[in-house]
Every structure is written in structure tokens, then in C-alpha cells.
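So the structure is just underneath, and the comments pick up after that.
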Number of protein chains: 2
Amino acid sequence: MAIESYAEKNCSIAKPLAFLGERWTVLILRDLFLGRRRFDEFQASLGVATNVLSQRLTTLTEEGIVERRRYNEHPERFEYVLTEKGRDLQPVLLALLAWGDKYTAENGPPLEVVHGDHAFRAVQTCSVCGEPVDSHNVHTRPGPGANDEQRRANGRRAPEWLAH
Amino acid sequence: MAIESYAEKNCSIAKPLAFLGERWTVLILRDLFLGRRRFDEFQASLGVATNVLSQRLTTLTEEGIVERRRYNEHPERFEYVLTEKGRDLQPVLLALLAWGDKYTAENGPPLEVVHGDHAFRAVQTCSVCGEPVDSHNVHTRPGPGANDEQRRANGRRAPEWLAH
DNA sequence: TGGGGTCGCTTGCATTTCACAAGCCACGGT
DNA sequence: ACCGTGGCTTGTGAAATGCAAGCGACCCCA
């Protein structure tokens with residue numbers, strides 16, 4: 001289970017990947033955002049093996065991304081719904097969707113995302129100045145949570161990819 | 001390699017996951033965005049097995065995400081740099097980073113992202129009206145690229161998770 | 001001239017994860 | 001009495017990944 005080692009790195013990209021990086025997890029989240037909530041709905045929609053699906057739903061529950069909710073007693077029946085923490089992953093899925101629409105959707109987007117009454121794409125803007133962010137006007141530096149190694153490494157290195 | 005079946009789905013989230021969903025790929029991209037470009041840099045930074053790293057770099061090259069560039073003859077030496085298509089994945093990484101900072105960084109963000117002279121978070125806004133997007137004011141519908149099944153499925157289903 | 005180190009890998013084998021198929025239990029319907 | 005449904009669990013084999021070793025063409029240093 002080497003993917004769990006992601007969680008030990010001091011990195012806000014690696015840590016979420018400890019569970020998001022497991023196969024099928026992101027597609028289960030997509031289904032959750034589309035309103036699906038039952039084991040068999042996920043299974044039918046994805047074609048994933050049931051033991052894997054069961055395992056993923058357990059992990060997502062443990063991570064607090066979904067809530068496992070009993071909607072019937074006798075027999076016990078459960079459904080899975082996104083928590084606030086889970087819904088906060090929406091930007092990740094929308095960013096992925098925007099990229100996929102741009103580069104993989106030859107016949108136009110299979111799915112439109114609607115805000116109020118208009119279909120839209122997700123655009124990333126700066127939380128401070130409100131300007132759109134693109135890959136050319138951004139760089140990085142160690143933050144308050146950086147360890148010594150990270151501080152040293154970043155000091156040594158210029159973001160050379162910017163210079164291109 | 002069942003993950004390749006992702007690519008066959010008519011879904012702009014699933015298709016990118018056909019390569020992004022492979023273990024280590026997203027972390028290699030993170031390193032690329034941080035300016036790393038050489039085999040040994042990735043290997044040292046990530047601790048990934050060299051055969052896997054080699055395989056991932058090949059895939060990323062084939063997908064047009066990175067360019068494999070010879071920077072030395074005799075002996076041949078290569079480096080890997082992001083293409084425009086690759087840099088367009090930045091919103092995905094920034095969204096992941098923002099979530100990771102919020103939920104997994106107890107001592108503050110290990111890495112700050114800087115826009116001009118100010119550290120910032122990525123905020124998603126609507127490409128049409130410019131308003132910030134959150135998980136409560138969004139729903140979906142079939143787009144021009146939807147197949148018949150997707151049209152039917154979406155008609156049958158309300159986005160129930162919104163009603164919560 | 002020789003000995004070590006670097007870079008970018010490849011190869012072989014063990015371990016972990018995943019897929020596929022089958023089955024199970026408590027119902028509910030007919 | 002029997003079939004179907006929902007939500008799984010349990011095998012077993014295939015595929016992905018990890019680990020360790022090695023390799024070829026240099027370069028550096030003496």
C-alpha cells in the first residue's frame with residue numbers, strides 16, 4: 001500500500017492523493033456530485049468490482065468525505081452522501097472537467113455545468129487581487145508549514161519553467 | 001491495466017484520469033511545476049521506483065504533457081519540460097493544493113503560491129458571470145457531446161445532493 | 001592509466017493491488 | 001414456493017508496483 005506514503009509527505013498535493021489517487025475514487029466522487037448515492041448505482045455506472053467499491057466507500061467514509069447513512073431498517077440499507085469536506089472537492093473535479101473538455105472532447109462536452117441559468121467553465125482567480133491566474137504569472141515559495149529541507153530546496157532553485 | 005478503460009468513457013473527468021490516475025503521475029507533475037526536470041531529481045524527490053518513473057515519463061511524453069528534450073550529446077542526456085497542454089493542468093493542481101491546505105496542513109501551508117507579490121489561494125469563478133462558484137449553486141445537464149444514454153440518465157435524475 | 005562517481009535508464013523477482021466470478025443474507029413481491 | 005433486489009464478502013488469478021542490482025558512456029582526479 002505504498003500510496004499511503006503520500007500522506008506522510010509534508011505536501012498539500014500529496015496528502016489528498018493518499019485517497020484520491022486510488023483507482024476509481026475520483027469517479028465515485030463524480031457520481032456523488034451527479035446525485036448518485038447507492039452502492040448499486042455506483043456499480044452500474046462505473047463497472048467497478050464490488051469489493052473495490054466497498055473498500056473505496058469505506059475509505060471515503062473514514063476520511064469524512066461522505067456520510068454513510070441508513071435509509072432503511074429491516075433489511076438495513078445504506079446510502080452515501082457528500083459532507084461539506086467532500087463538496088469542497090468540487091473545484092478539483094471542475095478543473096479536471098475543464099481540462100478534459102478542452103483536450104479530450106471532440107464532439108463538445110458530454111456534460112455541461114450550469115450556474116444559475118448559464119452553462120460555464122471554471123476559471124481560477126487570485127483570492128487576493130481577483131485577477132485570473134494562469135501558469136505564466138505564478139511562482140512558489142516555502143510557506144509557514146515548510147520543513148527545513150523544503151526551505152533549503154526552494155532557495156536553491158528558480159522556477160525555470162517560467163522562463164520558457 | 002483497467003485504468004485505460006477510463007479513456008473509453010464519454011466523460012471529461014474520466015478521460016484525463018486514464019493517465020493522471022496512475023500512481024505518482026500527479027506528483028511528477030507537481031515537481032515539473034516546481035521546476036524539476038531531470039530523471040534523478042524526480043527520483044530523489046519522490047522516492048519512486050525507477051522503472052515506474054521511466055514508464056510514467058514515457059506516458060506523459062506520449063500524451064503531450066511533457067516534452068522530452070536532449071540537453072547533451074555524448075552521452076545523451078534528457079530532460080522533461082511541460083508543454084502548454086501540461087501547463088494547462090495547473091488549475092487541477094492548485095485546486096488540490098487549496099483543498100490540502102485547508103484540510104491537511106495543521107502547521108500552515110508547506111508551500112505558498114505567489115501571484116505578482118502576494119501569496120494567494122485559487123478561487124473558482126464562473127466564466128460567464130464572473131461570480132465565485134461553490135458547490136451549492138451548481139448543477140449539471142447533458143452537453144452537446146452527450147450520448148443517448150447520458151441524455152436519458154440525466155433526465156431521470158435530479159441533483160439531489162443540492163437539496164441537502 | 002586507473003578508479004571512482006554521475007546520469008538515465010533496464011532487467012528480474014517479490015509484494016501489493018485490482019479484477020472477475022461466485023455466493024450470501026434478509027428481505028419484498030407474486 | 002420461488003424469483004428478484006440491495007449491499008455486500010470471499011475466493012482466486014492477473015496486473016501494477018516496489019526493490020535491488022546492473023549497465024554503458026561518459027567525466028573528474030590523481
Side-chain angles (χ1 to χ4, degrees), chain A residues 1-9 14 17-28 31-32 35-62 66-81 156 160, chain B residues 1-9 14 17-28 31-32 35-62 66-81 157 160:
Chain A
M1 250 200 224
I3 199 170
E4 287 190 353
S5 69
Y6 282 24
E8 294 154 23
K9 300 187 190 262
L17 287 173
F19 63 91
L20 284 181
E22 290 183 302
R23 214 149 285 180
W24 298 109
T25 298
V26 175
L27 292 186
I28 293 168
D31 274 13
L32 284 161
R36 300 197 178 105
R37 43 175 71 186
R38 310 247 274 245
F39 192 96
D40 277 20
E41 286 184 289
F42 302 128
Q43 209 284 319
S45 147
L46 303 175
V48 56
T50 54
N51 53 353
V52 176
L53 177 55
S54 168
Q55 203 178 290
R56 294 295 178 274
L57 290 170
T58 302
T59 304
L60 287 172
T61 306
E62 286 166 1
V66 298
E67 190 193 333
R68 186 178 198 251
R69 207 187 263 180
R70 190 172 57 218
Y71 70 92
N72 195 27
E73 305 189 34
H74 306 298
E76 282 198 317
R77 290 285 181 268
F78 297 96
E79 60 183 10
Y80 301 85
V81 289
R156 268 191 281 111
E160 298 154 21
Chain B
M1 249 202 222
I3 199 171
E4 288 190 354
S5 69
Y6 281 24
E8 295 154 24
K9 299 187 191 262
L17 287 173
F19 62 92
L20 284 180
E22 290 182 303
R23 216 150 284 183
W24 297 108
T25 298
V26 175
L27 292 186
I28 293 168
D31 273 14
L32 284 161
R36 301 197 176 106
R37 42 175 72 186
R38 311 248 275 245
F39 193 95
D40 277 20
E41 287 184 289
F42 303 128
Q43 209 283 320
S45 147
L46 302 174
V48 56
T50 54
N51 54 352
V52 176
L53 176 56
S54 168
Q55 203 178 291
R56 294 297 179 274
L57 290 169
T58 303
T59 304
L60 287 172
T61 306
E62 285 166 2
V66 299
E67 190 194 332
R68 185 178 199 252
R69 207 186 264 180
R70 190 171 58 219
Y71 70 92
N72 195 28
E73 306 188 33
H74 307 298
E76 283 197 317
R77 290 284 182 269
F78 297 97
E79 61 184 8
Y80 301 85
V81 287
R157 159 178 312 289
E160 298 155 21

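So that the names make sense, note that chain A is the first sequence line, chain B the second, and so on, each numbered from 1.
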Nucleotide of D/dT17, C/dA19, C/dC9 approaching B/F78 most closely (side-chain heavy atoms) | C/dC9

When the distance from CZ of B/F42 to P of C/dG8 is rounded to whole Å, what number comes out?
-> 10 Å

CZ of A/F39 versus C1' of D/dG7: gap in Å, rounded?
-> 6 Å

Contact class for A/R56 vs. all strands (heavy atom < 4.0 Å): base, sugar-phosphate, or nothing?
-> sugar-phosphate

Just how far, in rounded Å, is C1' of C/dA19 from CZ of A/R23?
-> 11 Å

DNA chain D: 5'-proximal contact among A/Y80 and B/R77 (nearest heavy atom) = A/Y80

Find the distance B/L57:CG to C/dC9:P and express it as a whole number of Å.
-> 7 Å

How many Å lie between CG on A/D40 and C1' on D/dG6, as a whole number?
-> 5 Å

If you measure only the distance, is there a donor-acceptor pair under 3.5 Å linking the side chains of B/R68 and B/Y80?
-> yes

Side-chain N,O (A/T50) to OP1/OP2 (D/dG7) below 4.0 Å = no

Side-chain donor/acceptor of B/T25 to backbone N/O of B/G21, under 3.5 Å | no

Sub-3.5 Å donor-acceptor pair from the side chain of A/R36 to the main-chain atoms of A/I28, do we have one?
-> no

Between B/L53 and B/F39, is any pair of side-chain heavy atoms under 4.5 Å apart?
-> yes

Whole-Å gap separating C1' (C/dA19) and CG (A/L53) | 13 Å

Distance in angstrom units between A/E41 CD and D/dG7 P, rounded | 9 Å

Closer than 4.0 Å, any side-chain N/O of B/S54 to the OP1 or OP2 of C/dT10?
-> yes

To the nearest 0.5 Å, tell me how far A/D31 CG sits from A/L46 CG.
-> 4.5 Å

Write down the distance between CG (B/N51) and P (C/dC9), rounded to a whole number of angstrom.
-> 13 Å

Closest nucleotide among D/dC8, D/dA21, C/dG8 to the B/R68 side chain = C/dG8

